[in-house]
Amino acid sequence: MSRLIVISNRVQQLNQQTGGNQGGLAVALMAALRERGGTWFGWSGETVETFTGTIHVEHQGRVSSAVIDLEPQDVDEYYNGFANRTLWPLFHFRLDLTEFERDFAGGYARVNRRFADTVRPMIDDDDLVWVHDYHLIPLGAELRARGVGNRMGFFLHIPWPPSRLLTSLPSHRRMVETLFAYDIVGFHTADWLDSFLDYVVTELDGTLGDDGQVTVGTRTIRAIVAPIGIETAEFEAAARSPEANFARDRMYMSATGRSLIVGVDRLDYSKGLEERFAGYERFLSQHPERRGLVYLLQIAPPSREKVDTYQEIRGNLDAMSGRINGEYADIDWVPIRYVNKGYPRAELAGIFRAARIGLVTPLRDGMNLVAKEYVAAQDPADPGVLILSTFAGAAAQLKDAVLVNPYSAEEMSDAIVTALTMPRAERIRRWEAMIDGIRREDVHWWCGHFLDALQSEPAAHPA
Ligand code: GDG
């Protein structure tokens, strides 16, 4: 098996494998690296006044991490700028929130060059290079320019937007063309892949061949669907651990017989939290007979706090939860428990297990791992119900969830009633249908699927 070089914006610390607010990407990639051995390269999260290119390396068994510090201007323009103020909103269909600044694009290009310069000497001839996500789209082209002939793959963890939205990005053609430096480009769903292919045909005059082949000019790459999974076995076990049982009992005791509805999301506008609160409020207003019998626990650890829109959404959610609680709470009942901090994974698993409903309603999401984790944590004999947005990539696989349009407060309210009144036999039938796929296509399957595709490409780039 070839060694693996994973390159992503941030790198998971080797000694911190559980707990904290770990993104889905981190959980998935650490599992892949432990399996194959290799290096994970990225930004340390730290800044230095002047960029030096010094690499800080740590080893643990067959896995090492290698990180570099960036300049404050890099962080402003590349990370908070182009990645999180331009590409993230644009790729989540939020043109209204997308900021177009030349400085952002310049900083993005500069940091991709800095990544390429520093990681280049760490790449041996036989290594597979796997680049992750929207922060690093042009990195493959920068590495080719530095003589890297290795097989290189790119995986996009977020949606690919419709062509008509993407063309609003001033440098869209140049950016998408750089993807043709890779050998394999992967997406979570057929929808995101189709949007990519549509762009390539309409904007780059590309042609499509068999088996996912896409040609632009003289370059042919393969574009594939590889839906990410979770560490299912580990999460199922975590949900039965003493920590999980403790968290579950804590929930039961504080709930005094009420049904728990749970949401767990990074505080991000793509997760549809305001719409979720509005849907829950609709449920409370339309079903007075059910008030006092349920409560919503929304766990939302803050993220990207340097970006204004993230501060705004936090303010809006504080106001909404305060208003809804003010309107509907009673002396012994609060309808929304809204918590702005993260919990260790095992505790989260216990909370999921205690919840009668998992409410996962992003407005747009590449995949959404929380949906899969909620299902994996359930008691097979008495599982809860997953309410899932049709706009999450996960909806393509989890067809036995109660699917909703997250923009519709009425649909969300109806779905909550459907879930609360669903007979146990139907809950078990739906759960069995979902857990089956979540077990089969777990994160190890995902890595294998992507890396097999990459490994089987002919090395078409002699250095
Ligand atoms: C991006 C894409 C795609 C959350 N709160 C806590 C906590 N989490 C964990 C969850 C889950 C992960 O973070 C979030 O993953 P998601 O997939 O839901 O969302 P993003 O962070 O936006 O991830 C997404 C993903 O990449 C992978 O490709 O699915 O579409 O946007 O694992 O459990 N973990 C802990 N405490 C928390 O409070 N320990």
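Remember, it's 1-based here, ligands and their atoms both numbered in the order they're listed. We're numbering straight along the sequence, starting at 1.
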Which of the ligand 1 atoms, numbered from 1, are nearer than 4.0 Å to a heavy atom of [X]:
X      : result
Pro301 : 5 (N), 38 (O)
Trp88  : 31 (O)
Gly342 : 37 (C), 38 (O)
Val370 : 10 (C), 18 (O)
Arg266 : 20 (P), 21 (O), 22 (O)
Gly366 : 30 (O)

Looking at Trp88, Phe91, Tyr79, which one forms a ring pair (Phe, Tyr, Trp, His ring centres under 6.0 Å) with Tyr134?
->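 Answer to the ring pair (Phe, Tyr, Trp, His ring centres under 6.0 Å) test with Tyr134 among Trp88, Phe91, Tyr79: Trp88.
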Using a 4.0 Å heavy-atom cut-off, say whether [X] meets ligand 1 through its side chain, its backbone, both or neither.
X      : value
Leu348 : side chain
Leu369 : both
Tyr374 : neither

Ignoring hydrogens, just give me the one of [options] whose non-hydrogen atom is nearest [atom].
atom                    : options                        : answer
atom 4 (C) of ligand 1  : Ile230, Asn368, Val264         : Val264
atom 31 (O) of ligand 1 : Asp365, Val443, Asp133         : Asp365
atom 26 (O) of ligand 1 : Glu231, His157, Lys341, His188 : His157

Residues two or more places apart in sequence or in another chain: which of them pass side-chain contact (heavy atoms from CB on, under 4.5 Å) with Asn316?
->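 Asn316 satisfies side-chain contact (heavy atoms from CB on, under 4.5 Å) with Glu274 once adjacent residues are dropped.
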Listed by chain and number, what are the side-chain contact (heavy atoms from CB on, under 4.5 Å) partners of Asp414, not counting sequence neighbours?
->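 Result, side-chain contact (heavy atoms from CB on, under 4.5 Å) vs Asp414: none returned.
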Under 4.5 Å between any side-chain heavy atoms of Arg151 and Ser2, yes or no?
->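 Counting from C-beta outward, Arg151 and Ser2 never come under 4.5 Å.
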Do the side chains of Leu95 and Leu90 get nearer than 4.5 Å, heavy atoms only?
->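 Yes, at least one pair of side-chain atoms sits under 4.5 Å.
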Hey, are Glu231 and Arg34 close enough for a salt bridge, meaning a charged N less than 4.0 Å from a carboxylate O?
->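 Result for this pair is yes, salt bridge flagged.
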Consider only side-chain N and O atoms of Asp268 and Tyr310, and report whether a donor and an acceptor are under 3.5 Å apart.
->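 Yes, side-chain donor-acceptor contact under 3.5 Å.
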Can you find an N or O of Met367 that's nearer than 3.5 Å to an N or O of ligand 1?
->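 N/O-N/O distance under 3.5 Å: yes.
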Compute the minimum heavy-atom distance from Lys271 to ligand 1 and say whether it is under 4.0 Å.
->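 Yes, that is the case, since the closest heavy atom of the residue is under 4.0 Å from the ligand.
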Hey, does the Lys NZ or Arg CZ of Arg110 hover above the aromatic six-ring of Tyr78, less than 6.0 Å from the centre and inside 45° of the axis?
->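 Judged by the rule (NZ or CZ under 6.0 Å from the ring centre, within 45° of its axis), Arg110 is not positioned above Tyr78.
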Matching residue for Tyr182 among Val129, Leu139, Ile137 - test: side-chain contact (heavy atoms from CB on, under 4.5 Å) =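 Among Val129, Leu139, Ile137, the one that satisfies the side-chain contact (heavy atoms from CB on, under 4.5 Å) with Tyr182 is Leu139.
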